[in-house]
Amino acid sequence: MNAPILLNTSHFDQPWTLENYLKVGGYQALRKVIENKMTADEIIAEVKASGLRGRGGAGFPTGLKWSFMPKNYNGVKYLVCNSDEGEPGTCKDRDILRYNPHSLIEGMAIAAYTMQVQTGYNYVHGEIYEAYERMEDACEEARKAGYLGNNIIGSGFSFDLHNHMGYGAYVCGEETALLESIEGKKGQPRFKPPFPANYGLYGKPTTINNTETFASIPYIIREGGKKFADMGVPNSGGVKLFSISGHVNNPGNFEVPLGTPFKKLLEMAGGVRNGNKLKAVIPGGSSMPVLPGEIMMDLNMDFDSIQKAGSYLGTGAVIVMDETTCMVKALERLSYFYFEESCGQCTPCREGTGWLYRIVHRIEKGEGRPEDLDLLADLCENIAGRTICALGDAAAWPVQGFLKHFRSEFEYHIEHKRCLV
Amino acid sequence: MLSDQIKTRIDRELAKYPADQKQSAVMAALRFVQDEKGWISNDDMEDVAGYLGMPHMAVYEVATFYHMYNLKPMGKHTLTVCTNISCMLCGSSEVVDYLGKKLGIGLGEVTADGKFGLREGECFGACVDAPMFTINNKRLCGKLTNAKIDEILAELDKQ
Amino acid sequence: MINIEIDGKQLQVENGRSVIEAAHQAGIYIPHFCYHKKLSIAANCRMCLVQVEKAPKPLPACATPVAEGMKVYTASEQAVKAQKGVMEFLLINHPLDCPICDQGGECELQDLAVGYGGSASRYQEDKRVVLHKDIGPLVSAEEMSRCINCTRCVRFGVEVAGEMELGQAFRGEHAEIMSFVDGAVNSELSGNMIDLCPVGALTSKPFRYKARTWELSRRRAVSPHDSLGSNLAALVMNNRVMRVDPVENEELNECWISDRDRFSYEGLNSEERLTKPMLKQGGKWQEVDWQVALEYVANGLRQIGKEAGAAQIGALVSPGSTLEEMHLVQKLVRGLGSHNVDFRLRQSDFSADGKMQGAPWLGMKVAEVSSADRMLLVGSFLRKDHPLFASRIRQAVKRGAQVNLLHSADDDLLMKLANKAIVPPSELVPMLAQILQAVATSKGTHLHSSVQSLVQGVVVSATAKTIAENLAGGERAIILLGNFAQQHPQAAQLQLLSQHIAALSNARFGFIGEGANSVGGYIANAVPAEGGMNAAAMLASPRKAYLLMNVEPELDAHNGQLALEAMKSAEMVVAMSSYKHKAMDYADVMLPIAPFTETSGSFINAEGRLQGFRGAVKPLGETRPAWKVLRVLGNLLNISGFDYDTSEAVRDEVLGGRDVSASMNNTLQGLVVQPAPVSTGMQRVADVPLYATDSIVRRSAPLQATRDAQTPAVQMRSDDLAKLGIKAGDTVKVTMGQNTVQLTASVNEGLPAGVVRVAAGRAETAGLGAMFGAISVERV
Ligand SMILES: Cc1cc2nc3c(=O)[nH]c(=O)nc-3n(C[C@H](O)[C@H](O)[C@H](O)COP(=O)(O)O)c2cc1C
Ligand code: SF4
Ligand code: FES
């Protein structure tokens with residue numbers, strides 16, 4: 001079966017070429033908005049009808065976000081794509097960049113047309129140089145073919161897109177840190193308000209969406225928002241790319257409708273490795289609270305179902321852990337990550353992430369103390385919701401999740417000074 | 001002194017940004033320096049600052065904030081191993097151990113002949129290919145096994 | 001206006017204000033570290049978290065704008081839990097070295113920790129250690145482990161000082177405040193970072209370990225170093241000034257002071273202090289009683305007056321002298337029958353004397369400079385001459401004001417300039433004339449006859465036209481003449497042109513006076529009149545007797561070499577001074593008089609504001625306040641009206657209930673324009689370096705250790721140097737007229753062609769002569 005939307009060129013030998021993209025209906029949506037002189041309201045209505053929610057992790061309705069851009073504003077505005085993808089477990093955007101770059105370009109061109117933006121930037125994280133190069137080539141190809149640049153397909157509308165490469169900072173995935181980074185500064189998030197729609201890149205109105213969000217747009221415009229929405233479930237419209245990594249036989253990115261049972265997704269990834277027992281799953285990227293395997297096996301992969309179970313769909317990065325996994329060790333690694341990646345401006349995050357890590361590290365080394373678990377819980381409360389950006393929350397949630405569902409394993413570590421598994 | 005090649009590459013990046021926002025090219029400029037020299041010295045930072053009309057300290061902030069910049073000499077081939085959760089679950093610590101044993105160095109170190117350097121990285125956003133490393137931040141090698149590592153090292157050794 | 005409620009108090013707050021501003025307005029304190037009213041909002045410390053009704057989580061009061069109907073609780077359970085949580089995080093890595101910390105007693109962290117900190121630490125891990133840094137002679141960064149990364153210092157540098165010297169390098173827990181490669185912080189405003197630092201990370205280097213803050217008493221003072229009149233607090237222990245802090249005055253220095261104001265006190269207790277009256281007898285200096293010294297002076301003056309005529313007596317007064325001192329000096333001299341008295345030591349053009357309608361002044365309030373939308377700055381090393389005027393203008397530029405510069409050096413003012421005309425000194429008048437002509441042309445007006453001769457034949461350049469248009473485009477345009485313009489040989493013409501440009505472009509104009517009492521000097525009448533000689537004339541035709549008040553002639557006069565020669569040729573020189581200086585070579589009497597911290601007195605600043613002060617400490621040794629010394633001298637000389645009990649009585653006599661502002665007027669009428677001598681060859685441009693302005697700063701060791709106090713070099717454009725076959729670093733011979741000095745050459749591409757820049761106010765260059773004029777440079 002061909003992947004329906006996001007990876008719809010993957011059956012070609014060279015799925016990334018313009019030629020192949022055109023074969024699967026590429027740039028028809030852009031033509032449609034231009035030739036039909038669709039108004040911004042019409043396009044936004046279509047996007048709203050699609051039920052598309054941001055794929056960057058927060059799930060914010062895309063149509064609504066687009067409507068926040070000041071309308072009768074004559075100055076410069078910007079459109080930014082967030083291909084920073086640093087949330088552990090997540091690697092879906094990379095495949096869009098590598099295999100279907102034109103879907104992103106087309107999606108951004110449509111968004112730019114809608115919001116009357118002339119310049120866009122695509123922020124690609126530094127670790128995937130090949131994907132960045134691929135994007136650079138694709139943009140050049142699109143420019144040559146008249147899909148980017150001045151007077152796009154004779155419409156009088158101009159939009160150019162540039163790629164900006166990150167260089168090793170997870171926090172730059174946070175949209176305002178990303179803007180700072182494009183401005184050539186260190187990636188420290190800005191306090192909001194003001195929101196980017198009013199004060200964004202270089203202080204100008206800016207809309208930021210995730211790669212997958214943009215890449216979903218051409219289909220929505222071409223085929224209609226309703227068709228997209230109907231592929232998913234209520235409140236979780238459309239299809240989504242799920243990255244399944246960890247202890248599965250066949251890790252990979254799978255494009256399936258939202259609402260697909262986790263069980264089915266796990267099957268697509270070849271099941272738990274070596275036929276082992278499923279222990280735990282992080283359903284939406286490392287920041288989201290972990291859920292025990294048995295709970296996951298009954299869940300569908302959509303925003304509401306996962307949230308009801310006490311976690312979030314996030315980026316749709318599913319990290320699978322089998323029975324051999326030491327949950328203390330796993331949390332230690334995660335906590336180290338947030339400690340490493342804190343940008344350092346907010347006191348609770350700068351000081352708290354290191355403290356969290358050091359406690360979990362001690363427990364893992366067999367030097368835990370009985371009061372540590374309560375301390376961890378309290379520190380999490382003092383970090384989450386107290387910071388400029390959500391990295392503070394992202395550092396606290398995994399700790400809270402692990403303690404909620406696997407507390408006994410931590411207690412065992414503290415008491416016996418060794419691992420349970 | 002920035003080489004002509006670096007300047008040409010920076011100029012190409014500068015074209016992406018508004019004329020009064022030259023600072024936007026600083027990340028790329030530092031990357032180009034590192035591509036050419038393997039690392040970025042304080043002198044290089046001053047040169048970049050001069051070229052882009054930025055305060056030295058602003059360049060230093062950037063160079064020290066983003067972890068892929070090498071602020072000391074690294075190997076001709078610097079391998080950065082992802083040890084984050086998905087990679088860890090798939091054996092990244094074995095990869096680090098194996099590389100360490102083969103190259104005789106630990107994380108953050110360079111072989112005596114300057115050929116290989118080893119670094120630890122955070123999530124590369126390629127988790128389904130775990131475990132993995134990148135070579136000089138350019139080439140990403142995934143689904144590593146000891147045999148595959150041997151092969152890659154041998155190939156690099158020849159260069 | 002917006003209605004909000006904070007802790008049950010109903011408030012009306014201006015739209016756009018933050019919750020913390022609203023709270024402060026209502027007298028409710030919200031704990032904070034990163035917030036500072038003069039800096040951008042960083043919202044990074046998170047100390048100011050408060051509960052806001054309907055918000056799901058606590059919000060930072062500093063970054064949350066007020067909204068209609070908002071209800072804020074600053075001390076609710078949620079707010080306090082959040083604040084305590086933040087405090088705990090701030091303390092985990094903070095050293096427990098309060099007992100030895102210089103900030104002890106004035107530490108915002110310490111104060112708040114008492115209220116919000118827990119008793120025992122739950123943090124059992126190792127504390128972070130941050131390496132100390134050396135960032136120069138003024139600011140200590142020896143204890144960076146104490147830093148809480150509030151970034152106030154960084155923001156100050158970027159936003160107020162105009163230069164990013166400190167930054168926050170690395171990230172997360174490793175984040176560190178530092179300069180690039182341990183470089184020094186060179187800003188002329190750097191000391192403010194010490195005040196801004198809420199903890200003991202950045203402290204005063206000279207003050208380090210000198211005293212505990214609670215041992216210090218605060219005494220008000222006013223800066224004697226420039227004409228802003230910054231309000232200071234001298235912190236005193238055991239009758240010694242240990243530190244100087246700003247006293248907030250929004251209308252003058254805001255909450256800042258320049259490094260010169262902050263660290264000059266280190267010169268107060270210099271080894272060179274003169275603490276006893278001294279007489280030179282038989283070529284040898286001897287310490288004597290005041291009585292003996294003063295009688296000697298009185299006799300000497302009387303005798304010279306009698307034998308050679310009173311006109312042989314002249315008095316030179318430093319522009320940083322108090323109003324009272326200036327008044328008594330001129331009264332004394334006039335009492336002796338001479339009118340030779342002047343405080344305008346670096347001025348060279350006195351053709352405006354007698355043609356001014358009043359004392360030259362800023363022409364506006366200092367605060368009004370901030371609201372100007374267009375400015376023309378004529379002849380000013382603004383940043384170094386007047387650091388806080390510069391920062392005020394910098395802030396105005398940030399808010400959209402446009403600044404045009406006409407000057408003879410393109411020093412970086414660390415602000416965006418709309419236009420600049422950098423021309424040799426001889427072109428200053430013609431350039432300003434072009435601007436005037438451009439304004440007149442665009443207005444279609446005829447020029448007043450008084451300036452006709454100046455604009456005759458000028459060809460309006462594109463730059464002049466742009467500047468003229470820029471000025472005319474504003475609603476609140478101002479023209480400011482700086483030190484350089486006032487020292488210029490055609491200063492009066494610059495003034496006249498500015499006056500006419502201002503009139504035509506609906507702008508205001510004025511002078512940023514050089515010294516603390518530049519306006520006061522006129523008010524006290526410490527200027528010649530009725531045939532008296534001005535400062536330059538007194539040196540050009542040497543007098544037989546000189547009275548020097550806090551003057552080091554070779555450093556303070558327009559022509560140092562001439563001044564020195566005049567002193568040497570005099571029969572009697574009475575040096576009233578706080579220091580043993582070069583006068584020891586030529587003077588006959590040295591009278592130790594009190595510097596500003598040891599006397600009462602007053603200054604009238606650039607805007608005409610009279611600010612009085614008392615002595616912060618008792619005079620050192622046998623030093624006496626100069627007004628008392630002059631009183632006794634007056635009595636000894638039997639000059640009537642010298643019976644004052646207090647310095648206030650002197651002041652009352654000067655002002656006599658008079659309104660100072662009525663005596664200030666920049667209008668120049670009836671100036672006879674003398675054509676400037678045609679200049680050929682190279683011309684000198686002389687700045688007076690920041691830490692060479694007066695005798696106190698010259699003796700402040702920490703200031704003298706800064707980059708700004710480096711030995712001056714000869715600066716020229718590289719093409720001019722090349723023409724002479726000179727390379728940067730070469731030792732060169734610099735000549736003006738008969739005078740020659742040797743200096744090192746250096747490149748300054750910001751100079752106009754044909755210009756040689758050599759600083760004045762420095763011993764190394766004093767032998768060169770006038771601050772303006774023909775100069776030549778050759779290899780040795
Ligand atoms: C610490 C942090 C990291 C983030 N990383 C990413 C990322 O890598 N990619 C991404 O698209 N969004 C990321 N986000 C979310 C973005 O801030 C933003 O919500 C998103 O790009 C909006 O796009 P969307 O509406 O299309 O989802 C991150 C947020 C935080 C707080
Ligand atoms: S929460 Fe952490 S990462 Fe986010 S802005 Fe604050 S310190 Fe930086
Ligand atoms: S004072 Fe508000 S966050 Fe620091």
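Because the structure is predicted, anything quoted here is derived from the model rather than measured. Per chain, numbering begins at 1; letters A, B, ... match sequence-line order.
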Sort [X] into side chain, backbone, both or neither according to what part of it lies under 4.5 angstrom from a heavy atom of chain A.
| X | result |
| --- | --- |
| B/A130 | neither |
| B/V128 | both |
| B/T64 | neither |
| B/D20 | neither |

Quiz prompt | Euclidean distance, A/I319 CD1 relative to B/I85 CD1, rounded to 0.5 Å | solution =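 Those atoms lie 6.0 Å apart.
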Quick check: closest heavy atoms across [X] and [Y], and the distance to 0.1 Å?
| X | Y | answer |
| --- | --- | --- |
| B/C127 | A/G89 | SG-N, 3.1 Å |
| A/P88 | B/C123 | CA-SG, 3.5 Å |
| B/S24 | A/Y202 | OG-OH, 2.5 Å |
| A/Y336 | B/E120 | OH-OE1, 4.4 Å |
| A/K185 | B/V62 | C-CG2, 3.8 Å |

Practice problem: For A/E323, enumerate each residue passing the side-chain hydrogen bond (donor to acceptor under 3.5 Å, both in side chains) test, keeping only those at least two apart in sequence or located in another chain. | Solution: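 Result, side-chain hydrogen bond (donor to acceptor under 3.5 Å, both in side chains) vs A/E323: none returned.
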Practice problem: Quick one: list whatever passes side-chain hydrogen bond (donor to acceptor under 3.5 Å, both in side chains) with B/K72, sequence neighbours left out. | Solution: none
Practice problem: Go through A/E136 and B/R12 one step at a time and tell me if the salt bridge (charged side-chain N to carboxylate O under 4.0 Å, His left out) criterion holds. | Solution: CA-CA 12 Å; A/E136 286 276 273; B/R12 216 177 301 144; over 6 Å; no
So which of [options] has the biggest tally of heavy-atom pairs under 4.5 Å with chain A?
| options | result |
| --- | --- |
| B/T83, B/L30, B/T134, B/N137 | B/T83 |
| B/D129, B/V26, B/L89, B/T80 | B/L89 |
| B/E61, B/K138, B/M88 | B/K138 |

Exercise. Examine whether an atom of A/T90 lies under 4.5 Å from a heavy atom of chain B, and if so say whether it belongs to the side chain, the backbone or both; otherwise answer neither.
Key: backbone
Side-chain donor-acceptor pairs under 3.5 Å in residues 50-60 of chain B, sequence neighbours left out?
{"unit_1": "B/Y51", "atom_1": "OH", "unit_2": "B/D11", "atom_2": "OD1", "d": "2.7"}
{"unit_1": "B/Y51", "atom_1": "OH", "unit_2": "B/D11", "atom_2": "OD2", "d": "3.3"}

Self-check item: pair A/V171-B/F65: side-chain heavy atoms closer than 4.5 Å
Solution: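 In short, these two side chains touch, coming nearer than 4.5 Å.
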Quiz item: Listed by residue number, which members of residues 127-135 of chain A have a heavy atom under 4.5 Å from any heavy atom of chain B?
Solution: A/E127, A/I128, A/Y129, A/E130, A/Y132
Quiz item: Which class fits the ring pair A/Y121 and B/Y17: parallel under 30°, tilted 30 to 60°, perpendicular over 60°?
Solution: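 It falls in the parallel class, under 30°.
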